[in-house]
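Heads up: the structure comes next, in structure tokens.
This is a predicted model, so every value here is computed, not measured. Counting convention: from 1, in listed order, for ligands and their atoms alike. Counting from 1, the numbers follow the sequence of the chain as shown.
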Amino acid sequence: MNILVTGADRGLGLSLVKKLLGLGHTVFAGQYLSHWPELSKLAHPNLHLIPLDVGSDDSVRDASKLVANLTDTLDMLISNAGIIGWDDGTMADFTDTEMMLRVYNVNAIGSVRLVEHFKPLLELSTFKRLCFVSSEAGSIENCTRNSFFWYGMTKAALNLYVKTLYNRMQDYDFRLYHPGYIKSYMGGDAVNESATYTPDEAAKFAIDYFFGDEEKFVLRSYDGAEYPF
Ligand SMILES: NC(=O)c1ccc[n+]([C@@H]2O[C@H](COP(=O)([O-])OP(=O)(O)OC[C@H]3O[C@@H](n4cnc5c(N)ncnc54)[C@H](OP(=O)(O)O)[C@@H]3O)[C@@H](O)[C@H]2O)c1
């Protein structure tokens with residue numbers, strides 16, 4: 001299968017790319033961090049590195065053209081890129097609306113850009129599966145936090161967008177997913193060692209769900225649980 005993964009430089013995205021290549025798929029890996037070497041080092045014959053900033057219309061459009069020059073169809077799209085604050089990990093305070101808009105632009109509108117620009121390639125596939133990495137933080141019913149609301153707001157918006165797509169694009173399959181608490185790079189260049197799962201462990205759960213069967217439209221957690229949203 002031909003699969004696009006966003007935010008593939010590190011964290012869950014990089015581990016998804018490695019697992020997908022291991023399964024024999026052709027992967028178009030969205031590269032956002034030109035200074036981060038791990039993705040380029042994979043140098044696999046079925047791996048295509050695609051410069052991709054999901055926060056930019058121009059970048060997503062250019063990426064879709066690049067992929068269209070390499071393949072006629074895309075079978076699966078994995079919208080994984082996500083942020084929680086500024087690139088250096090700072091989140092300032094509740095008055096930093098510029099940061100909040102940036103997070104919204106990447107986490108929510110980023111998926112809108114992806115679907116719109118890659119739809120022509122997805123349309124030509126017989127598989128047509130759209131996978132979105134969301135978060136339990138987007139669940140309004142389960143919300144117990146008293147901070148980081150801007151992150152949860154972006155994931156709630158993503159969930160609503162994906163549900164709307166599900167209503168509209170009935171010949172597509174959807175996966176809306178909470179990947180668990182991951183030892184990844186959200187919030188800077190240092191790994192969050194206090195989290196629960198390594199990116200490789202989290203990628204295994206995610207791949208099982210993305211390729212497995214799903215009876216209904218839900219926000220599904222890595223452990224199989226359903227999140228109300
Ligand atoms: N980590 C968790 O515990 C957790 C829990 C629930 C949900 N999630 C979700 O899981 C997904 C993957 O996150 P992760 O934990 O693997 O974090 P990560 O290690 O930070 O990986 C995310 C990747 O996306 C990149 N990225 C940032 N802005 C981008 C943009 N505009 N366009 C394309 N790529 C961009 C990141 O670069 P930078 O590193 O420079 O930002 C990074 O390489 C995210 O959607 C996140 O919200 C994570």
- request: Measure the distance from atom 48 (C) of ligand 1 to every protein heavy atom, then report the residue, atom name and distance (to 0.1 Å) of the closest one.
  value: Met186 SD, 3.8 Å

query: Should you measure from each heavy atom of Asp53, which atoms of ligand 1 turn up under 4.0 Å away?
result: 30 (C), 31 (N), 32 (N)

message: Could you work out, with ring-ring contact (aromatic ring centres under 6.0 Å, His included) as the rule, every residue matching Phe127, not counting sequence neighbours?
response: none

message: Considering Thr6, Leu39, Leu52 one by one, which has a heavy atom nearer to atom 33 (C) of ligand 1 than any of the others?
response: Leu52

query: Phe229 and Ser134: side-chain contact (heavy atoms from CB on, under 4.5 Å), yes or no, with the steps?
result: CA-CA 11 Å; Phe229 65 98; Ser134 184; over 6 Å; no

message: Could you identify the single nearest non-hydrogen protein atom to atom 16 (O) of ligand 1 and state the distance to 0.1 Å?
response: Leu12 N, 2.8 Å

- prompt: Can you tell which part of Ser56 has a heavy atom less than 4.0 Å from ligand 1: side chain, backbone, both or neither?
  reply: neither

- prompt: Does any N or O atom in Ile182 lie less than 3.5 angstrom from one in ligand 1, N or O only?
  reply: yes

- prompt: Which residue owns the protein heavy atom closest to atom 26 (N) of ligand 1, what's the atom, and how far is it?
  reply: Tyr32 CD2, 3.5 Å

- prompt: Counting only heavy atoms, which portion of Val54 has something under 4.0 Å from ligand 1: side chain, backbone, both, or neither?
  reply: both

message: Can you report which non-hydrogen protein atom sits closest to atom 23 (C) of ligand 1, along with the distance?
response: Gly7 O, 3.5 Å

field: Atom indices of ligand 1 within 4.0 angstrom of Gly55 heavy atoms, with elements
entry: 31 (N)

message: Using a 4.0 Å cutoff against the non-hydrogen atoms of Ser134, which atoms of ligand 1 qualify?
response: 7 (C), 9 (C)

task: Compute the minimum heavy-atom distance from Gly180 to ligand 1 and say whether it is under 4.0 Å.
output: yes

query: For His178 and ligand 1, does the shortest N/O to N/O distance drop below 3.5 Å?
result: no

message: Among all the protein's non-hydrogen atoms, which is closest to atom 9 (C) of ligand 1, and how far away is it?
response: Val133 CG1, 3.7 Å

statement: Closest to atom 11 (C) of ligand 1 among protein heavy atoms sits Asn80 O, 3.1 Å

query: Does the ring of Tyr209 carry Arg175 above it, NZ/CZ under 6.0 angstrom from centre and within 45° of its axis?
result: yes

query: With a 3.5 Å cut-off and no angle check, do the side chains of Ser56 and Asp58 form a donor-acceptor pair?
result: no

- request: For the residue pair Gln31 and Ser40, confirm or rule out a side-chain donor-acceptor distance under 3.5 Å.
  value: yes

statement: A student checking ligand 1 against Gly11 at a 4.0 Å heavy-atom cut-off should list atoms 16 (O), 19 (O)

query: Which protein heavy atom lies closest to atom 40 (O) of ligand 1, and at what distance to 0.1 Å?
result: Leu33 CD2, 3.2 Å

query: For ligand 1, which atoms sit closer than 4.0 Å to a heavy atom of Pro179?
result: 6 (C), 7 (C), 8 (N), 10 (O)

message: For Val133 and Phe210: C-alpha separation, side-chain torsions, deciding distance, then whether side-chain contact (heavy atoms from CB on, under 4.5 Å) applies.
response: CA-CA 10 Å; Val133 181; Phe210 294 163; 4.3 Å; yes

message: Quick check: Ile83 and ligand 1, any N/O pair under 3.5 Å apart?
response: no

query: Side chains of Cys131 and Met76: closer than 4.5 Å at any heavy-atom pair?
result: yes

message: Looking at every non-hydrogen atom in both residues, tell me the closest pair between Ala29 and Val17 and how far apart they are.
response: CB-CG2, 4.0 Å

query: What class does the angle between the rings of Phe174 and Phe217 fall in, given that below 30° is parallel, 30 to 60° is tilted and above 60° is perpendicular?
result: perpendicular

Residue, atom name and distance, where the atom is the protein heavy atom closest to atom 22 (C) of ligand 1: Gly82 O, 4.0 Å

task: Please confirm whether Lys155 comes under 4.0 Å of ligand 1, counting heavy atoms of the residue only.
output: yes

query: Strictly by modelled atom types, are Ser59 and Asp53 linked by a side-chain donor-acceptor pair under 3.5 Å?
result: no

- request: Let me know which of Phe132, Tyr227, Phe205 forms a ring pair (Phe, Tyr, Trp, His ring centres under 6.0 Å) with His178.
  value: Tyr227

- request: Quick one: look at Tyr185 and ligand 1, take heavy-atom pairs under 4.0 Å, and tell me if it's side chain, backbone, both or neither.
  value: both

query: Which residues satisfy the salt bridge (Lys or Arg N to Asp or Glu O under 4.0 Å) test with Asp62, sequence neighbours excluded?
result: none

message: Within the 4.0 Å heavy-atom shell around Arg10, which atoms of ligand 1 are there?
response: 21 (O), 38 (P), 39 (O), 40 (O), 43 (O)

message: If the cut-off is 4.0 Å to any non-hydrogen atom of Ser184, which atoms of ligand 1 fall inside it?
response: 1 (N), 14 (P), 15 (O), 16 (O), 17 (O), 19 (O)

task: Just jot down the ligand 1 atoms closer than 4.0 angstrom to any heavy atom of Tyr181, in number order.
output: 3 (O)

message: If only side-chain N and O atoms count, and only distance matters, is there a donor-acceptor pair under 3.5 Å linking Trp150 with Asp96?
response: no

field: Exercise: identify the closest heavy-atom pair between His117 and Pro120
entry: O-CD, 3.6 Å

- prompt: Parallel, tilted or perpendicular: which fits the ring planes of Phe211 and His25, with parallel below 30° and perpendicular above 60°?
  reply: parallel

message: Looking at ligand 1, is there an atom of it that comes within less than 4.0 Å of some heavy atom belonging to Tyr151?
response: yes

